[in-house]
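The structure appears below as structure tokens.
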Amino acid sequence: MKFKTRLFLFYITGLGLVAVLSAAYFINFEESRVRRTTEENLYIQAKLVAGKVIGEGLNNQPLINAVASEAARDIEARVTIVNAEGNVIGDSAEDPSKMDNHRDRPEIKEALLGELGTDRRLSKTIDRDLIYIAYPIKVGDQIIGVVRLAKDQKELNRFLFRLRLLIILSVLAVALFALFFGVVTIRHFTDPINELQRVAHSFAGGDLAERVRYFGRDELGDLGLAFNSMAQRLAESFAMLGAEKRKLEVILETLSDGILVIDRDLKVILTNTAADLIFGFGGGDVRGRPVMEVVLNHHLLDLIQEVNSSRQPKENELTLYYPRNRQLQVFIAPLKDETGNLTGSVTALRDLSQLRHLERVRQDFVGNVSHELRTPITSVKAMTETLLAGARNDEAMLVRYLNEINNESDRMNNLVNDLLDLAKLDAKVEINREPFDLVELFEEIQEGLALKGEQARDFAVNLPAEPLPQVFANRDRIKQVLINLLDNAFKYTSVEGQIRLSVWLEGNWVKIAVADTGIGIPQSELGRIFERFYRVDKARSRAGGGTGLGLAIVKHIVEGHGGRIEVESSLNKGSVFSFTLPVVKEG
């Protein structure tokens, strides 16, 4: 809640409380005064009537009744005269003989005890709300009767209502005037404070161009001038600091190496984007956190502590295991102030993971290609040497060896073709895409399988009931994917097994699945089957003429179309390879 609002609420609460208390006090005071005056007047009138009654005597009832009636006309009140036994002997409003004994009336009781009796109640006789004053009639020390005056409170209540209304309106008028005066006064004091607050918020938000308006020669005016002067100096200082900071940020962000600036208490002061990526900060602010909590690597922490102790730079290579395995080259140098005291350290981290990975991939690739080529070359050379040594004279052996040489040549040719395909895919050459009908492609593949004699197995194509939209892809590449997957399915499924080619629509994608009931793949091997030259059953793969590159090519083609490929398999129960392709967008 704003200060101005709180001050106004405090003021209006106090003003309202004072107004209510003042109105209550004056109303109570005036009502008491009016009632007291009325009772005093009635008391005097009752005393005068009592004097007349004593002069006339209580035995002459008609005369007493006449005295009551005459007195009632003079004082405009009901007059009742009661003897010491409570019997009414005179009344200005009713026939005394028909009236009840009044000894039990509260005011009569008090008067018969020698006191002035008063009461307010509804009169059963005339059905009006009356105020009663009873005055004892004494002869010497003996009370011989009571004079009671009853005044109708209706007129008094009207007067009191008008009096209350006048008091309330007067207090309300004074309160409204005080409220207006208070609002003006509060505004006079809070406007300068609000202005200072507005400028202070602008300063806090980094906008130092705002200035406080001059408020005169009082303390608030001096404070405003001080604010303006402070803003000017801060703007100049921040401009210099901002320029230096921007230079530093540009330098840090353009560095491909990760930078960690750490204070002497081993807490992070500054990082750049490269460091955030290396340690997986996820864009979070790690400043002020302990370096061990951030990097989660004891070797790096030990190197930093060694630099802090020796105050000499160090260079090393280490492995980072979290958030993922990385090979890092680390260079750490101490930070010192102008007096030479150690204030922290700067750590530069160069990620060698990709370089090391490429080296391993190159080595593995060369090793795999060499291994894959060595086997057929060795076989061809051995069979050639055997034929040259004289086996060519044996016609059966000559034919068999020539067939084997032809098979090995085909194997090497397939390997070279697959390597060329992978080279093209790795080069990320733009794939020519066009809309085409998957059903027609399935029929074409079925015909090709029939020509090869594969239809002798339990093979079927499952199509959805609804017509499929055309897909937007390279038809030849997708045909290559399907042939590779179906070739593997036929290769690893027995003659009694089943092979199914299915397709269905999922949103803006078509999903294609090749399922078989073959030998399956162990769960431990599923994560590696798309690697180059990786085989689950190496002996059987080579015996079938496989190069170990088919699934790698399939993955490259599918992902090159923006789709994804998945595999589900259980050992000796079969496998399901599925992938997605984008459909042609309407319009």
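The two residues N297 and M292 make their nearest non-hydrogen contact at N-CE, 3.6 Å. When all heavy atoms of L318 and L303 are compared, the pair lying nearest together is CD2-CD1, 3.8 Å. Closest non-hydrogen pair, G497 versus T517, comes out as CA-OG1, 3.4 Å. Residue E315 comes nearest to F331 through the heavy atom pair CB-CD1, 4.1 Å, listed as atom of the first residue, atom of the second, then distance. In plain terms, the two heavy atoms of N341 and R311 that are nearest each other are CA-NH1, 4.5 Å. Nearest heavy-atom pair across F436 and A473 is CE2-O, 3.5 Å.
When side chains are defined from C-beta on, V295 does not count as touching V268, because their heavy atoms never get closer than 4.5 Å. Between T343 and R264 there is no side-chain heavy-atom pair separated by less than 4.5 Å. Counting heavy atoms from C-beta outward, K314 and I304 have side chains that stay 4.5 Å or more apart. In this structure, the side chains of P464 and V503 come closer than 4.5 Å at one or more pairs of heavy atoms. At a threshold of 4.5 Å between non-hydrogen side-chain atoms, the residues L551 and L485 count as touching. When side chains are defined from C-beta on, T384 counts as touching I405, because their heavy atoms get closer than 4.5 Å. V510 is not listed as a side-chain neighbour of F472, based on a closest heavy-atom distance of 4.5 Å or more. For the pair V554/F577, no side-chain contact is recorded, criterion being any heavy-atom separation below 4.5 Å from C-beta on.
Here N228 contributes atom CG and R233 contributes atom CZ; the two are 11.0 Å apart, rounded to the nearest 0.5 Å. Here the NZ-CG distance, from K511 to L505, works out to 12.5 Å after rounding to the nearest 0.5 Å. The CD1 atom of I332 sits 10.5 Å away from atom CD of Q305, with the distance rounded to the nearest 0.5 Å. Taken from CD1 in I519 to NZ in K491, the straight-line distance is 10.5 Å, to the nearest 0.5 Å. For the atom pair CG of L328 and CG of L320, the computed distance is 5.5 Å after rounding to the nearest 0.5 Å. Separation of atoms OG1 (T493) and CG (D516) is listed at 3.5 Å; rounding is to 0.5 Å.
No more than 12 heavy atoms of other residues, nucleotides or ligands lie within 6.0 Å of CD in E466, so this atom counts as exposed by the packing criterion. For N406, the CG atom sits in a packed shell: over 12 heavy atoms of surrounding residues, nucleotides or ligands are nearer than 6.0 Å. Within 6.0 Å of CZ on R350 lie no more than 12 heavy atoms contributed by other residues, nucleotides or ligands. Shown here is K555, whose NZ atom has no more than 12 heavy atoms of other residues, nucleotides or ligands within 6.0 Å. Summarising the local packing, CD of E568 is surrounded by 12 or fewer heavy atoms from other residues, nucleotides or ligands at distances under 6.0 Å. The 12-atom threshold is exceeded at CZ of R289, counting heavy atoms of other residues, nucleotides or ligands nearer than 6.0 Å.
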**OP:** Give the C-alpha distance, both sets of side-chain angles, the deciding distance and a yes or no for side chain to side chain contact (heavy atoms under 4.5 Å, CB included) between R287 and K267.
**Re:** CA-CA 7 Å; R287 288 176 296 182; K267 292 184 178 179; over 6 Å; no
**OP:** Could you walk me through whether I445 and V461 pass the side chain to side chain contact (heavy atoms under 4.5 Å, CB included) test, one step at a time?
**Re:** CA-CA 10 Å; I445 292 173; V461 177; over 6 Å; no
**OP:** Test salt bridge (charged side-chain N to carboxylate O under 4.0 Å, His left out) on E440 and R475 and set out the steps.
**Re:** CA-CA 11 Å; E440 292 180 0; R475 192 178 190 276; 5.1 Å; no
Original post:
Between F442 and I512, is a side chain to side chain contact (heavy atoms under 4.5 Å, CB included) present by the stated rule, with each step listed?
Top reply: CA-CA 11 Å; F442 290 168; I512 304 166; 4.2 Å; yes
Original post:
Between L270 and I259, is a side chain to side chain contact (heavy atoms under 4.5 Å, CB included) present by the stated rule, with each step listed?
Top reply: CA-CA 8 Å; L270 181 67; I259 300 295; 5.9 Å; no
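A donor and an acceptor atom, one from each side chain of D276 and T271, are located under 3.5 Å apart.
Listed for the S569 side chain is no donor-acceptor partner under 3.5 Å among the backbone atoms of G520. In this structure a side-chain-to-backbone donor-acceptor pair under 3.5 Å is missing from N474 to H561.
Each of I262, L260, D263 was compared with I269 under the side-chain contact (heavy atoms from CB on, under 4.5 Å) criterion, and only D263 meets it.
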